[in-house]
Amino acid sequence: MPDMVPIFDRDLVRRRRERAAGAFDRYDFLFREVGERLVDRLDDVTRVFPLALDLSCRGGGLADLLGGRGGIRTLVHCDLSEAMVRGVKTAASGPERLALVADEEWLPFAPGRFDLILSNLGLHWINDLPGVLVQARRALKPDGLFLATLFGAGTLAELRSALADAEIAAEGGMSPRVSPFPDLRDAAHLLQRAGFALPVADVDVITVRYADAFGVMRDLRGMGETNAMVERRRTFLRRSTLMAAAAGYHERFGGADGRIPATFQVITLTAWAPHESQPQPLRPGSATASLSDALADDRADDRADDRGEGTP
């Protein structure tokens, strides 16, 4: 990506994860919840996937959620952070686990290597997401499956709004403090652009309730998910501005129980590496029936039903 202006400071992303690694299991509740939903998708697939990749693995917790799904015999864990990779544990049962440190933007795998690639809440920190999706597609065997989750555009909307309002009011301007996230339409388009077959993108919304805005910020820090944008402000937010943001958050979004919501929009990507056995779209002009004739027949049936002439 020689001409791309980076949005995220990848070295800072790594350092954030390094800092979070030691106590990550105290803050990984969102990763566990989303990870469970991700691996549940394998229940709908009759295939087995002997060799799988866990991309952006954090401490390898996704392996504990698999529960034998997918027929995985070997699971390769990969993360930008060495400290996170060191947290990957061997298990007495389940797939064999291998782990390596690698930048998700430069995947070190040969073409056609994996039957399955899983990625849980890591791709939203990628500068060249289209390029990474192309690399993932190439690393899959033909008819291999790609399953990933990432945060979507509505994530942390309340925190973003409260910080922006407070900073504009107190300091006369605002700086980017919450990362930009892709929306659902962008995600679906990126799968097609990367050359995947049968691409599907859908979205879930998870709302976590907190006593105050500082609880939200504390959990984000513990997850290693705090601001790593290149254009971030390099100085600390003024205490008065921070307090105003916390008060505004509570005033605008607080519920009757006195707690505030933090919204996480989670996009799930499902796609396959192309293979000749997959369903193919019909060639344009090859249809043997007329859509207008079919619609005319439907309208005639509706009129007959209205007159009571339809089949009971």
Side-chain angles (χ1 to χ4, degrees), residues 17 20-81 83-102 104 107 109 113-126 132 136 139-140 144-152 155 187 200-208 219-220 222-225 262 264-272:
R17 292 188 191 175
F24 184 65
D25 57 355
R26 292 165 48 192
Y27 298 96
D28 67 346
F29 63 92
L30 192 59
F31 291 83
R32 290 198 309 272
E33 173 62 29
V34 176
E36 287 176 356
R37 300 184 187 197
L38 179 65
V39 299
D40 279 348
R41 303 291 178 110
L42 293 173
D43 290 334
D44 301 324
V45 182
T46 57
R47 290 265 311 280
V48 295
F49 305 96
L51 180 59
L53 172 65
D54 177 10
L55 186 62
S56 299
C57 69
R58 303 305 197 283
L62 202 61
D64 299 325
L65 304 175
L66 282 168
R69 294 178 177 89
I72 298 169
R73 294 198 293 268
T74 303
L75 183 60
V76 178
H77 299 278
C78 170
D79 198 274
L80 182 66
S81 161
M84 284 292 189
V85 168
R86 285 201 304 267
V88 175
K89 300 177 177 60
T90 58
S93 59
E96 177 188 9
R97 302 188 190 185
L98 307 175
L100 74 154
V101 179
E104 298 97 332
L107 299 183
F109 304 112
R113 186 77 178 93
F114 296 101
D115 303 288
L116 168 68
I117 294 178
L118 299 163
S119 181
N120 188 34
L121 296 180
L123 298 181
H124 52 276
W125 288 118
I126 299 296
V132 169
L140 283 167
L145 176 60
F146 178 78
L147 272 176
T149 57
L150 67 160
F151 288 125
T155 296
V200 177
D202 56 75
V203 65
D204 287 327
V205 176
I206 299 174
T207 302
V208 184
D219 277 1
L220 291 174
M223 295 175 191
E225 293 291 317
F264 297 89
Q265 186 187 77
V266 179
I267 296 174
T268 301
L269 307 177
T270 307
W272 297 80

For this session: To the nearest 0.5 angstrom, please state how far the CG atom of N120 sits from the CZ atom of R32.
Result: 11.5 Å

Problem set entry | Step-by-step side chain to side chain contact (heavy atoms under 4.5 Å, CB included) determination, L150 to I126 | CA-CA 10 Å; L150 67 160; I126 299 296; over 6 Å; no

Exercise. Between M223 and A20, what is the shortest heavy-atom contact and its length?
Worked result: C-CB, 4.1 Å

Exercise. Heavy atoms, side chains only, cut-off 4.5 Å: are R17 and F24 in contact?
Worked result: no

Problem set entry | Note, W125 side chain near L80 side chain (heavy atom, < 4.5 Å) | no

Problem set entry | Partners meeting side-chain hydrogen bond (donor to acceptor under 3.5 Å, both in side chains) with S119 (sequence neighbours left out) | none

Exercise. Does the T149 side chain pair with the main chain of T268, one donor and one acceptor, at a distance under 3.5 Å?
Worked result: no

Seminar exercise, completed: Sorted by chain and residue number, the side-chain hydrogen bond (donor to acceptor under 3.5 Å, both in side chains) partners of E96 (sequence neighbours excluded) come out as none

Exercise. Does a sphere of radius 6.0 Å around CZ in R26 hold more than 12 heavy atoms from other residues, nucleotides or ligands, not counting ones at 6.0 Å or beyond?
Worked result: no

Exercise. When rounded to the nearest 0.5 angstrom, what is the spacing between CG in L123 and CD in E104?
Worked result: 7.5 Å

For this session: Using a 4.5 Å cut-off on heavy atoms from C-beta on, say whether the side chain of L42 contacts that of L147.
Result: yes

Problem set entry | Any donor-acceptor N/O pair, R37 side chain to V34 backbone, under 3.5 Å | no

Problem set entry | Pairwise distance CD1(I117) to CG(L107) - rounded to 0.5 angstrom | 7.0 Å

Exercise. Are any non-hydrogen side-chain atoms of D219 and L30 less than 4.5 angstrom apart?
Worked result: no

Exercise. What distance do L98 atom CG and T90 atom OG1 have between them, rounded to the nearest 0.5 Å?
Worked result: 11.0 Å

For this session: Starting at CD1 of I206, measure out to CZ of F151 and round the result to the nearest 0.5 Å.
Result: 8.0 Å

Exercise. Which heavy-atom pair separates L145 from L140 by the least distance, and what is that distance?
Worked result: O-CD2, 3.6 Å

Problem set entry | R86: partners by side-chain contact (heavy atoms from CB on, under 4.5 Å), with sequence neighbours left out | E82, A83

Exercise. Would you say T155's side chain and Q265's backbone share a donor-acceptor pair under 3.5 angstrom?
Worked result: yes

For this session: Would you mind reporting whether D79 and V88 have side-chain heavy atoms less than 4.5 Å apart?
Result: no

For this session: Taking the side chain as every heavy atom from C-beta outward, state whether D28 and R58 have any atom pair closer than 4.5 Å.
Result: no

For this session: Would you mind checking if R97 and D64 are paired as a salt bridge, meaning a charged N to carboxylate O distance below 4.0 Å?
Result: yes

Seminar exercise, completed: Closest non-hydrogen atoms of A99 and V85, given as atom of the first, atom of the second and distance, are CB-CG1, 3.6 Å

Exercise. If we only count heavy atoms from C-beta on, is the F31 to E225 side-chain gap below 4.5 Å?
Worked result: yes

Exercise. What distance do L38 atom CG and E33 atom CD have between them, rounded to the nearest 0.5 Å?
Worked result: 12.0 Å

For this session: Might you confirm whether atom CZ of R113 has over 12 heavy atoms from other residues, nucleotides or ligands at distances under 6.0 Å?
Result: no

For this session: Write down the atom of D115, the atom of P50, and the distance for their closest heavy-atom approach.
Result: OD2-CD, 3.3 Å

Exercise. What are the two closest heavy atoms between F114 and A52, and how far apart are they?
Worked result: CD2-C, 3.8 Å

Seminar exercise, completed: Heavy-atom closest pair (H77 atom, C57 atom, distance to 0.1 Å) is CB-SG, 3.7 Å

Problem set entry | Whether W272 and F49 hold their rings parallel, tilted or perpendicular, with breakpoints at 30° and 60° | tilted

